[in-house]
There are 2 protein chains.
Amino acid sequence: MPAQLPSIVDVARKAGVSIATASRVISSSTYPVSATTREKVLAAAKELKYMPNSLARSLKVQRSKLIAVLVGDNTDPYFAQVARGVEEIANAHGYLTIMCNTERDPARELAYLQTLQDYRADGFIIAGSGLSETDYAEQEQINELVQKIQGRGAAIVTLSPHSIQAPSIQSDNIGGAYELTSYLISLGHRRIAFVTGPAHVTVSELRQQGYTRALADASIPFAPELILTGDFTQAGGERIAATLAQMPVDQRPAAIFASNDETAFGLMNGLRQQGWRLPQDISICGFGDIPMAPMVIPSLTTVSISLRELGRAGARKILSLLQNHQTEPTIEIMPATVIKRDSTIPHP
Amino acid sequence: MPAQLPSIVDVARKAGVSIATASRVISSSTYPVSATTREKVLAAAKELKYMPNSLARSLKVQRSKLIAVLVGDNTDPYFAQVARGVEEIANAHGYLTIMCNTERDPARELAYLQTLQDYRADGFIIAGSGLSETDYAEQEQINELVQKIQGRGAAIVTLSPHSIQAPSIQSDNIGGAYELTSYLISLGHRRIAFVTGPAHVTVSELRQQGYTRALADASIPFAPELILTGDFTQAGGERIAATLAQMPVDQRPAAIFASNDETAFGLMNGLRQQGWRLPQDISICGFGDIPMAPMVIPSLTTVSISLRELGRAGARKILSLLQNHQTEPTIEIMPATVIKRDSTIPHP
DNA sequence: TTGTATGCGTTATCAA
DNA sequence: TTGATAACGCATACAA
């Protein structure tokens, strides 16, 4: 038998004022209320330990102060950092952050969009799971839903390339990969392998573009056999390490650029188990600069994309969109910087 | 000029039925509705692309289907795993998970509790930030708030020792630490150091208890100088490594038990910089078994406490509490198991 | 099986 | 400056 919480009606009664005036002081409206009655209301509220019902308020004012952050997996350091940045800004502005793990599954992404549309979330930050594939089943429904969400005045921002038509803030995947590859080249490496992420994940594809361009700009011929298929996991990296060990010695790459840090860790671990010495036998680098990157031995050369700042920027964008309603799919790029560490050394 | 979304009134009108019947089929109530009218309503809803307003529903039925998960920092792998487990179960049961980073600050914890009480969250999972200190300023307010939350039928569960009086599910910190210490002893070590967490963090204190008991049971005298003060961070571990290197050789520990994995990583890194060889010069182990633990070299011996399962258990507990209203501060213990890896070797 | 009407707790409009 | 009341969108007790 749960007890009822006092409502604003109780506060008004106890203070001996109308429910309207009670509401005015509680909601700290700009509407004029005399100092004395304000005090009375405040006193009554405190005495009753009144706590406003945000659901009722949200229903009435048509904004929930809820922000959904859709991530592939909140356990992944990449998404964790982004989500943290979002929560930081959101919380500072009185918004709540709802964590949605889509598992990079469009069906789950759609389901969460739907659920949070039902809750009338004010903002949606799509942090990942951007698939380049243009024909997955949910595509159409998602786009339609996005339209409705924007139509009712809610804001959507994507933080990676995505089929969703909405403003986007992205880290400089191409530029970062270009710089990193160029750095490897400057170290004297020419046979540089690239490990992709899961199929159709756009950030991986963009990084590959940067890699390809850097090679081209250095007039290094592209070698298809040096493109290895990973999946953004450590296990995937280890699998590739096994493959690498099978390659004829003269075909082996002198350096490997893994499209994310986890994969690089898997590579390091796997290669070491095969008896390779790091970084003497091969230079390895990753992408993302997750917290563990400086900790491993040898410390990992990688690209820092300031995930937390990306999350902050996304949240700020949501807040500004909520002010001046805009839906054009503009795109802002956040800088990425190469972090040189010990896992990459000059070519012998 | 945001467009209005269709309401159930529109659906009812379009279907040519009363609001009540429309509501019955939309909310899939058990209330009998003829097949034909049901079809009409469904058709109207689909045509209007109707999406129910969860805020209104929540306000009416007095349950929000919101679960708050209070963590110290969602970026910390410990909390990330727990939160993932919570979200997994919550989502499967139609609940939304709200991420609250308290930064281990009681003031922020209180603020979030308050905010989510305002949103009438159905469940609160306090995953961390349990302080053993009994006299921080917010103590009283938090307890009072907890009473009100439980009083209105919402559920609270803590996942670590906490001053909050509520059902709790905890991993076996004492037992795990006891087993781990015993394992070190079985390897022949006698001078075993213990690195604490931040002051007053209870999980750290419990782990220390396990450590102390294991020593006592093995009749190894307790050496106060072997208790080192850490803070659960890598940087803290590195700091301690520097201290360790200063110690007279004959006073140095043969093994170190760091109260969490991050600290152990910091130790490993710091000691290596001082020229120590691992694990030959010293055995190191941690607590938590975060994803990185098997990846570092040497792989880290630690205690696995199945964080994700802890999160799941917490969420399940919330769901069951929502059924049979209970507030007694019972406590369930989840097993912890020692994971033996390469960072610990027999004493020479 | 369907419909009417009330209320969940707010805010906002209008009149006083 | 204050107050009565409608409305936000939905679910349900009660009537029919």
Side-chain angles (χ1 to χ4, degrees), chain A residues 2-41 44-45 48-66 117-122 152-153, chain B residues 2-42 44-45 48-66 117-122 152-154:
Chain A
Q4 279 288 351
L5 253 34
S7 82
I8 200 163
V9 184
D10 302 304
V11 175
R13 182 164 30 226
K14 169 148 233 140
V17 300
S18 79
I19 156 173
T21 41
S23 169
R24 284 170 191 137
V25 9
I26 293 297
S27 63
S28 48
S29 133
T30 60
Y31 203 93
V33 173
S34 82
T36 53
T37 49
R38 154 163 289 117
E39 286 313 314
K40 279 194 298 185
V41 173
L48 290 174
K49 298 185 198 309
Y50 168 73
M51 11 203 59
N53 186 322
S54 295
L55 296 172
R57 171 184 295 214
S58 294
L59 176 61
K60 180 62 189 176
V61 304
Q62 305 274 49
R63 44 175 190 62
S64 60
K65 295 235 142 192
L66 256 29
Q117 161 78 327
D118 290 351
Y119 273 87
R120 303 299 188 260
D122 293 335
R152 59 163 243 262
Chain B
Q4 279 288 349
L5 252 35
S7 81
I8 200 164
V9 185
D10 302 304
V11 175
R13 183 164 29 226
K14 168 147 237 143
V17 301
S18 76
I19 296 177
T21 41
S23 170
R24 283 168 191 137
V25 11
I26 293 297
S27 63
S28 48
S29 132
T30 59
Y31 204 91
V33 173
S34 82
T36 53
T37 50
R38 155 163 289 118
E39 287 313 314
K40 279 195 297 183
V41 173
L42 256 23
L48 291 173
K49 298 185 199 308
Y50 168 73
M51 11 203 59
N53 186 321
S54 296
L55 297 172
R57 170 184 296 215
S58 294
L59 176 60
K60 178 63 188 175
V61 303
Q62 304 275 51
R63 43 174 191 64
S64 61
K65 294 235 142 192
L66 256 28
Q117 163 78 328
D118 290 350
Y119 273 88
R120 302 299 187 262
D122 293 335
R152 58 164 244 262

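Within every chain, numbering begins at 1; the chains are lettered A, B, ... in the order of the sequence lines, protein sequences first and strands thereafter.
Each of B/A20 and B/V61 has a nearest nucleotide on DNA chain C; the 5'-most of these lies closest to B/A20. Taking the nucleotide of DNA chain C with the nearest heavy atom to each of A/L5 and B/G16, the more 5' of the two is matched to B/G16.
Separating the CZ atom of A/R57 from the C1' atom of C/dG9 is a distance of 11 Å, rounded to the nearest angstrom. Counting to the nearest Å, the C1' atom of D/dG9 and the CD atom of A/Q117 are 14 Å from each other. Atoms CD1 (A/I8) and P (C/dG9) sit 11 Å apart, rounded to a whole Å. If you measure from atom CD of B/Q62 to atom C1' of D/dA11, you get 11 Å, rounded to the nearest angstrom. In this structure, the CG atom of B/L59 is 12 Å from the P atom of C/dT11, given to the nearest Å. Straight-line distance from the CG atom of B/D10 to the P atom of D/dC8: 10 Å, rounded to whole Å. Atom CZ in A/R38 sits about 14 Å away from atom P in D/dG3, given to the nearest Å. The NZ atom of B/K40 sits 12 Å away from the C1' atom of C/dT1 (whole-angstrom rounding).
A/I19 comes within 4.0 angstrom of a nucleotide base, judged by non-hydrogen atoms across all strands. Across all strands, B/S23 comes closer than 4.0 Å to base atoms (heavy-atom distances).
Counting non-hydrogen atoms of other residues, nucleotides and ligands closer than 6.0 Å to NZ of A/K14 gives a total of 12 or fewer.
For D/dG9, the OP1/OP2 oxygens have a side-chain nitrogen or oxygen of B/Q4 closer than 4.0 Å. Using a 4.0 Å cut-off, no side-chain N or O of A/Y31 falls inside it from OP1 or OP2 of D/dG3. Proximity of A/Y119 to the phosphate of D/dG9: no side-chain N or O atom is located under 4.0 Å from OP1 or OP2. Taking only side-chain nitrogens and oxygens, A/T37 comes nearer than 4.0 Å to OP1 or OP2 of D/dT2. Close to C/dG3, at under 4.0 Å from its OP1 or OP2, lies a side-chain N or O of B/T21. Within the structure, every side-chain polar atom (N or O) of A/S54 is placed at least 4.0 Å from both OP1 and OP2 of C/dT10. Phosphate contact (OP1/OP2 of C/dT10, side-chain N/O of A/S58, threshold under 4.0 Å): absent. Considering only side-chain N and O atoms, A/S7 lies nowhere under 4.0 angstrom from the phosphate OP1 or OP2 of C/dG9.
Side-chain contact between A/T37 and A/T21 is absent, with no heavy atoms from C-beta onward closer than 4.5 Å. Side-chain contact between B/L55 and B/S58: absent, with no pair of heavy atoms (C-beta onward) separated by less than 4.5 Å.
Here the side chain of B/S18 is nearest to one of C/dT4, D/dG3, C/dT10, namely C/dT4.
Rotation axes derived from the C1' atoms of the five outermost pairs at either end of the helix from C/dT1-D/dA16 to C/dA16-D/dT1 lie 40° apart, to the nearest 10°.
Not one N or O on the side chain of B/S23 forms a donor-acceptor pair closer than 3.5 Å with the backbone of B/I19. The backbone N or O of A/R152 lies less than 3.5 Å from no partner atom in the side chain of A/R120, so there is not a single donor-acceptor pair.
Donor-acceptor pairing under 3.5 Å, judged by distance alone, is present between the side chain of B/R24 and the base of C/dG3. Residue-to-nucleotide contacts include a donor-acceptor pair under 3.5 Å from the side chain of A/K60 to the base of D/dA7.
Side-chain contact, A/S34 with A/T36: a donor N or O sits under 3.5 Å from an acceptor N or O.
Here the shortest heavy-atom pairing between A/P6 and A/L48 reads CG-O, 3.5 Å. The minimum heavy-atom distance between A/A121 and A/S64, with the atom names listed, is CA-OG, 3.4 Å.
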